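Everything quoted here is computed from the prediction, not taken from an experiment. Because only heavy atoms are used, hydrogens play no part in the values below, and waters and symmetry mates are left out as well, while side chains stay in.
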Amino acid sequence: MEERRKVPRQRTFKGGTIGLDQGGSVECVVRNLSGIGACLETARASTLPNRFPLIIKPETIKRSCEVVWRSESRVGVQFT
């Protein structure tokens with residue numbers, strides 16, 4: 001598989017919280033991370049909106065995200 005990322009990502013295993021438009025949230029695992037994007041694993045990947053806020057724990061870093069790709073259990077996002 002050809003690597004298409006502009007910036008290499010570092011593997012990680014951090015918790016995260018995805019904010020939803022209705023005021024709720026979804027827990028996720030941040031599987032890899034760079035300065036411009038991340039891969040998130042969650043049971044609700046296929047139903048997430050195309051844009052959402054993400055809080056990365058334990059640092060409580062808040063990032064605005066846009067979905068670039070998705071599968072049944074993972075989404076790739078770029079930070080906006």
Side-chain angles (χ1 to χ4, degrees):
M1 175 181 255
E2 179 184 341
E3 177 64 55
R4 296 183 304 202
R5 293 182 187 126
K6 295 177 184 172
V7 177
R9 293 190 181 169
Q10 299 295 316
R11 286 185 181 183
T12 186
F13 192 76
K14 296 183 178 192
T17 302
I18 297 168
L20 300 177
D21 294 335
Q22 304 85 0
S25 63
V26 173
E27 296 301 308
C28 67
V29 175
V30 181
R31 303 297 288 182
N32 65 44
L33 184 64
S34 76
I36 63 170
C39 176
L40 311 175
E41 184 171 28
T42 179
R44 297 196 40 203
S46 61
T47 62
L48 291 176
N50 290 326
R51 292 178 179 260
F52 54 81
L54 169 69
I55 297 174
I56 302 170
K57 302 172 189 174
E59 300 93 346
T60 64
I61 299 168
K62 187 172 183 179
R63 303 298 300 258
S64 296
C65 299
E66 182 175 357
V67 174
V68 177
W69 62 265
R70 71 177 75 219
S71 70
E72 188 174 320
S73 62
R74 291 185 179 193
V75 292
V77 298
Q78 68 181 8
F79 300 139
T80 57

Exercise. Mind checking whether F79 and V75 sit in one hydrophobic cluster, side chains of I, L, V, M, F, W, Y counted as touching below 4.5 Å?
Worked result: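 Both belong to a single hydrophobic cluster.
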
Exercise. Applying the 4.5 Å side-chain criterion to the ILVMFWY set and letting contacts propagate, would I55 and L48 be lumped into a single cluster?
Worked result: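 The answer is no; the residues belong to distinct hydrophobic clusters.
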
For this session: Taking the side chain as every heavy atom from C-beta outward, state whether I56 and L33 have any pair of such atoms under 4.5 Å apart.
Result: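 In short, these two side chains touch, coming nearer than 4.5 Å.
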
For this session: Taking side-chain hydrogen bond (donor to acceptor under 3.5 Å, both in side chains) as the test, write out the residues that go with R74, two or more places apart.
Result: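 Here no residue qualifies.
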
Exercise. Just how far is it from atom CG of L40 to atom CG of L54, taken to the nearest 0.5 Å?
Worked result: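 Interatomic distance, L40 CG to L54 CG, rounded to 0.5 Å: 5.5 Å.
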
For this session: Give me the other members of the hydrophobic cluster that F13 sits in, counting Ile, Leu, Val, Met, Phe, Trp and Tyr linked by side-chain heavy atoms under 4.5 Å, directly or via other members.
Result: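 F13 shares its hydrophobic cluster with V29.
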
Exercise. What residue pairs, at least two apart or across chains, pass salt bridge (charged side-chain N to carboxylate O under 4.0 Å, His left out) with a residue in residues 15-37?
Worked result: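 Output for this query lists E27-K57, R31-E41.
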
Review item, side-chain donor-acceptor pairs of residues 59-67, under 3.5 Å, at least two apart:
{"residue": "E59", "atom": "OE2", "partner": "K14", "partner atom": "NZ", "Å": "2.7"}
{"residue": "E66", "atom": "OE1", "partner": "R51", "partner atom": "NH2", "Å": "3.4"}

Can you give me the closest heavy-atom contact between [X] and [Y], atom names plus distance?
X	Y	answer
G15	V30	O-CG2, 4.1 Å
C28	T42	CB-CB, 4.0 Å
A45	S71	CB-O, 3.6 Å
S25	T17	CB-CG2, 3.6 Å
Q78	V68	N-CG2, 3.8 Å

